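First up is the structure itself, then whatever we jot down about it.
Counting begins at 1 with the first residue of the sequence. In this text, all values refer to a predicted model and were calculated from it rather than measured experimentally.
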Amino acid sequence: MLRLPLLFACASAALVAAPAHANMMQQIIVGKCSSAMQADFQKAGKTPPAGMVNETCTCVANGMLRRGQSLDQAKTTCVKQSTAKFNL
């Protein structure tokens, strides 16, 4: 009988840890993506429109983490959406 409460305690801890892990993964993806985009814009001698980098990189992270897309799939989708939205 003692094992059942322990099982529920472990399951509860796992449910709390999963969102924290996903949030950390999203932050890592957005950070790496933002750095890469900033470097690309800088190399091109341009400044990205306000909000474009964050919106694009958040889209990439969501594509990878929530929709199960590969990096290339998420990047292609999100860059296409952002360039249309920001008229680039």
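Note: the hydrophobic cluster containing F86 also contains V53 (ILVMFWY, side chain heavy atoms under 4.5 Å, direct or indirect links). Using a 4.5 Å cut-off between side-chain heavy atoms of Ile, Leu, Val, Met, Phe, Trp and Tyr, with links allowed through other members, L65 and V60 fall into the same hydrophobic cluster.
Legend: residues meeting side chain to side chain donor-acceptor pair (under 3.5 Å) with S34, ordered by chain and number and at least two apart, are absent. Listed by chain and number, the residues in a side chain to side chain contact (heavy atoms under 4.5 Å, CB included) with T76 amount to none (sequence neighbours excluded). K32 meets the side chain to side chain donor-acceptor pair (under 3.5 Å) test with no other residue; sequence neighbours excluded.
From C59, atom SG reaches atom CD of Q69 across 7.5 Å, with rounding to the nearest 0.5 Å. For the atom pair CG (N62) and CD (Q26), the distance works out to 4.5 Å, reported to the nearest 0.5 Å. Here the SG atom belonging to C57 is positioned 9.5 Å from the CE atom belonging to M52, to the nearest 0.5 angstrom.
For residues 53-72, the salt bridge (Lys or Arg N to Asp or Glu O under 4.0 Å) pairs, not counting sequence neighbours, are E55-K85.
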Can you give me every donor-acceptor pair (side chain of residues 36-50, partner residue at least two apart or in another chain, under 3.5 Å) with its distance?
none

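Connectivity analysis of hydrophobic side chains (ILVMFWY, heavy atoms under 4.5 Å, direct or indirect) links V30 to nothing; its cluster partners are none.
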